[in-house]
Amino acid sequence: MIAKDYIFLYGTLRKEFNHHVFKKVEDKLDYVGKGFVKGKIFDIGEYPGLIESTGNQSVVEGDVYSIKNETEKVFKLLDRYEGFIEGNLNKSEYIRKRKDIQLIREDKKIRSWIYIYNRTKHKNFKEIFTGDYLKYYKTKKNA
């Protein structure tokens, strides 16, 4: 049996943003549900960055999808958008790695791909304390 690949989207690629990159892969994904991962999320300008953190209770909320077909094509498009260059982490703005994602509606964890910010955290980055970039963005947009 081949294991399914999952992807956790927490920023501008969430469905509600209606982003053109998400539209290119949407038909290759099946929505699983909302989930969260341990970490901190920051407003780094036009999009968020998730930074791994240990020893605290901060979590980042997002959407979990299973990749139902054309996995390589999905990752090729997402990697390009996220600035992930496989084999060259020094030049990658984000890295793609597998993490445990806790599903919100189920007492279940899924091992999923996630993009993690791969640059030094700048002092001007604003932490999004709710852990939900979508809610933060709506508030920021209406301010």
So do the side chains of Phe22 and Leu29 get within less than 4.5 Å of each other, counting heavy atoms only? yes
Pairs meeting criterion side-chain hydrogen bond (donor to acceptor under 3.5 Å, both in side chains) with involvement of residues 116-133, two or more places apart: Arg14-Asp132
The ring-ring contact (aromatic ring centres under 6.0 Å, His included) partners of Phe36 (sequence neighbours excluded) come to none
Could you pull out the closest heavy-atom pair between Pro48 and Gly11, with the gap in Å? CG-CA, 3.6 Å
Rounded to the nearest 0.5 Å, what's the gap from CD1 on Ile67 to NZ on Lys4? Could you check? 11.0 Å
Under the side chain to side chain contact (heavy atoms under 4.5 Å, CB included) criterion, do Tyr10 and Ile41 qualify, and how do the steps go? CA-CA 9 Å; Tyr10 61 87; Ile41 188 170; 3.6 Å; yes
How long is the straight-line distance from CD1 of Ile51 back to CD1 of Ile44, given to the nearest 0.5 Å? 8.0 Å
Co-membership, hydrophobic cluster, residues Leu89 and Ile114, 4.5 Å side-chain: yes
Test side chain to side chain contact (heavy atoms under 4.5 Å, CB included) on Trp113 and Phe75 and set out the steps. CA-CA 10 Å; Trp113 291 103; Phe75 284 132; 3.2 Å; yes
Leu134/Glu61 under side chain to side chain contact (heavy atoms under 4.5 Å, CB included): CA gap, chis, key distance, verdict: CA-CA 9 Å; Leu134 182 60; Glu61 185 176 316; over 6 Å; no
Is there a side-chain contact between Leu13 and Tyr115, using heavy atoms and a 4.5 Å cut-off? no
All ring-ring contact (aromatic ring centres under 6.0 Å, His included) counterparts of Phe84, not counting sequence neighbours: none
When you look at CG of Asp27, are more than 12 heavy atoms from neighbouring residues, nucleotides or ligands closer to it than 6.0 Å? yes
So which atom in Val25 and which in Val74 form the shortest heavy-atom distance, rounded to 0.1 Å? CG1-CA, 4.1 Å
Enclosure of Lys15 NZ (heavy-atom neighbours >12, cutoff 6.0 Å): no
Can Ile104 be reached from Val59 by stepping across I, L, V, M, F, W or Y side chains whose heavy atoms are under 4.5 Å apart? yes
Are Leu103 and Tyr31 in one and the same hydrophobic cluster, where Ile, Leu, Val, Met, Phe, Trp and Tyr link if side-chain heavy atoms are under 4.5 Å apart? yes
Given 3.5 Å as the limit, does a donor-acceptor pair link the side chain of Gln102 with the main chain of Val37, or not? no
What are the two closest non-hydrogen atoms of Tyr94 and Glu82, and how far apart are they? CD1-O, 3.0 Å
Geometric class of the Phe42/Phe125 ring pair [parallel <30°, tilted 30-60°, perpendicular >60°]: tilted
Salt bridge (Lys or Arg N to Asp or Glu O under 4.0 Å) pairs touching residues 85-101, sequence neighbours excluded, are Asp5-Arg98, Glu52-Lys97, Glu52-Lys99, Asp79-Arg96, Asp100-Arg111
Within residues 30-39 or reaching into it, pairs that qualify as salt bridge (Lys or Arg N to Asp or Glu O under 4.0 Å) - sequence neighbours excluded: Asp30-Lys68, Lys34-Asp63
What is the minimum heavy-atom distance between Val60 and Phe8, and which atoms define it? O-CZ, 3.6 Å
The test is side chain to side chain contact (heavy atoms under 4.5 Å, CB included); show your working for Asn18 and Lys23 and say whether it passes. CA-CA 7 Å; Asn18 206 26; Lys23 287 180 178 182; 2.8 Å; yes
Please report the shortest heavy-atom distance between Val21 and Leu78, naming the atom on each side. CG1-CD2, 4.0 Å
Partners passing ring-ring contact (aromatic ring centres under 6.0 Å, His included) against Tyr47 (at least two apart in sequence or in another chain): none
